[in-house]
Amino acid sequence: MAKKFKVSESCIGCGACSAVCPEVFELNADGVAENILGDETEIPEDLEASAQEAADSCPVSAIEVTE
Ligand code: SF4
């Protein structure tokens, strides 16, 4: 099953995830990251590695990955 990526409230808005995987993560008007495909959306396979890399690059481990 494909993975889902959810940005938690511990996001500090550093922008790392959106730099690594802009297809999925974007800083919103509140200055925190959001998954523009949707927290409950299974990420397309071709974006999964990049989204996982973005999650791994988060300095505060704010991106929750579920399978
Ligand atoms: S890398 Fe982590 S702290 Fe930085 S914007 Fe993304 S979710 Fe927020």
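Starting from 1, each residue takes its place in the sequence as its number. Every number for a ligand or one of its atoms is a count from 1 in the order of the listing.
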message: Any non-hydrogen side-chain atom of Asp56 less than 4.5 Å from a side-chain atom of Ile63?
response: no

query: Which part of Val60 is near ligand 1, with near meaning a heavy atom under 4.0 Å away: side chain, backbone, both or neither?
result: side chain

- prompt: How far is atom 5 (S) of ligand 1 from its nearest protein heavy atom, and which residue and atom is that?
  reply: Gly15 N, 3.3 Å

task: May I ask you to check if any N/O/S atom from Cys17 comes under 2.8 Å of atom 4 (Fe) of ligand 1?
output: no

- request: Would you please test Lys3 and Glu42 for side-chain contact (heavy atoms from CB on, under 4.5 Å) and show each step?
  value: CA-CA 5 Å; Lys3 293 179 181 175; Glu42 293 183 359; over 6 Å; no

task: Note the single closest protein heavy atom to atom 2 (Fe) of ligand 1, along with its residue, its atom name and the distance in Å.
output: Cys58 SG, 2.2 Å

query: Is it true that a side-chain atom of Asn35 and a backbone atom of Phe5 form a donor plus acceptor pair closer than 3.5 Å?
result: yes

message: I'd like to know if the side chain of Thr41 and the backbone of Ile43 have a donor-acceptor N/O pair within less than 3.5 Å.
response: no

task: Look at the N, O or S atoms of Cys11, main chain and side chain alike, and state whether any lies under 2.8 Å from atom 6 (Fe) of ligand 1.
output: no

field: Heavy-atom donor-acceptor pair, Asn28 side chain to Asp30 backbone, under 3.5 Å
entry: yes

- request: Give the residue and atom name of whichever protein heavy atom lies nearest to atom 4 (Fe) of ligand 1, and the separation in Å to one decimal.
  value: Cys14 SG, 2.3 Å

- line: Nearest non-hydrogen protein atom to atom 3 (S) of ligand 1, with distance, is Ile12 N, 3.3 Å

message: Do Val7 and Val65 sit in one hydrophobic cluster, given that two such residues count as connected whenever their side-chain heavy atoms are within less than 4.5 Å of each other, even indirectly?
response: yes

